[in-house]
Amino acid sequence: MNTARVWTSKLKGFNLSVAKDVRFWRRNKKAVLVIAGFILGLIIVHILIVSPIVEQVREFRARLAQERQVAEKYRKKLSESEQLKDRLAKSHQELEAIKSKLFPSNDPYQFASKLEEALSTGDRKDVVIKSYQITSSRELGLYQEVQYSFSLDANIYGLSQFLSWLSNYPTSVRAGEVNIRYAPKGGKDSSTDLIINLNLTVLMQKKG
């Protein structure tokens, strides 16, 4: 008997709870629908608007990173190009400096003529070219190297002045082997008492 009462009491409580839930649903139906609609709207907005924007941002960032890599490569290439340009400019300057030191002719006999002309100026003939010969001539890249063998009559003063003149000559002239013999000739008009055999190497313009 007691068991039947207990179950009856539970059924009454359950029915009251259900009734309360139904009444709650009826009273708050609009609010629940509004909340559900708001949540549904958020989902739709996320699917239709937010997700595409997020995807576009992701693609933009990937494209931006790729473009930065390309820009960095071009920057390196530009830097290498500037360095190459500087090296070319430096090489051009060095080439012009070399050209400025070359004898301004490709005819070896013109240098010997210029040398004779320079030594023949003035009243005193302290250095006299007795003879010369071209012993070798070879092309070295942008210029040619010509070697001479000179036979000179001079005195010590003239020899000193001649070597000083060669060292200050504007073109590339290098003195090689020098052989000096003392051989006084005598006579009041003689001012040379040295016989000199001198080898010179001259850089001049390339033939052709």
(request) Check whether any side-chain heavy atom of T201 lies under 4.5 Å from a side-chain heavy atom of V173, and answer yes or no. (result) no
(message) Tell me if the CD atom of E59 is crowded by more than 12 foreign heavy atoms within 6.0 Å.
(response) yes
(request) Look at the side chain of E145 and the backbone N and O of R138, then say whether any donor-acceptor pair between them is shorter than 3.5 Å. (result) no
(message) Using 0.5 Å steps for rounding, measure from the CG atom of L115 to the CD1 atom of I129.
(response) 4.0 Å
(message) Any donor-acceptor pair under 3.5 Å linking the side-chain atoms of S136 with those of Q147?
(response) yes
(message) With a 4.5 Å cut-off on side-chain heavy atoms, are Y132 and E116 touching?
(response) yes
(message) When you measure from the side chain of S81 to the backbone of K77, do you find a donor-acceptor pair of N or O atoms at a distance under 3.5 Å?
(response) no
(request) Please check if the side chain of S167 supplies one atom and the backbone of S164 the other of a donor-acceptor pair under 3.5 Å. (result) yes
(message) Let me confirm one number: the CZ-OG distance from F103 to S172, rounded to the nearest 0.5 Å.
(response) 12.0 Å
(request) Give the minimum heavy-atom separation between F111 and M204, together with the two atoms involved. (result) CB-CE, 4.2 Å
(message) If I compare all heavy atoms of A175 with all of L200, which pair ends up nearest, and what's the gap?
(response) CA-CD2, 3.7 Å
(request) Identify the two heavy atoms, one from D193 and one from I156, that lie closest to each other, and give their separation to 0.1 Å. (result) OD1-N, 4.4 Å
(request) Inspect the surroundings of CD in Q66 and state if more than 12 heavy atoms from other residues, nucleotides or ligands are less than 6.0 Å away. (result) no
(message) Return the CZ to CD distance between R75 and E80, rounded to the nearest 0.5 Å.
(response) 10.0 Å
(request) Determine the minimum heavy-atom distance between G158 and V127, stating which atoms define it. (result) O-CG2, 3.2 Å
(message) Show the nearest heavy-atom pair for residues Q205 and P104, with the distance to one decimal.
(response) NE2-CA, 3.6 Å
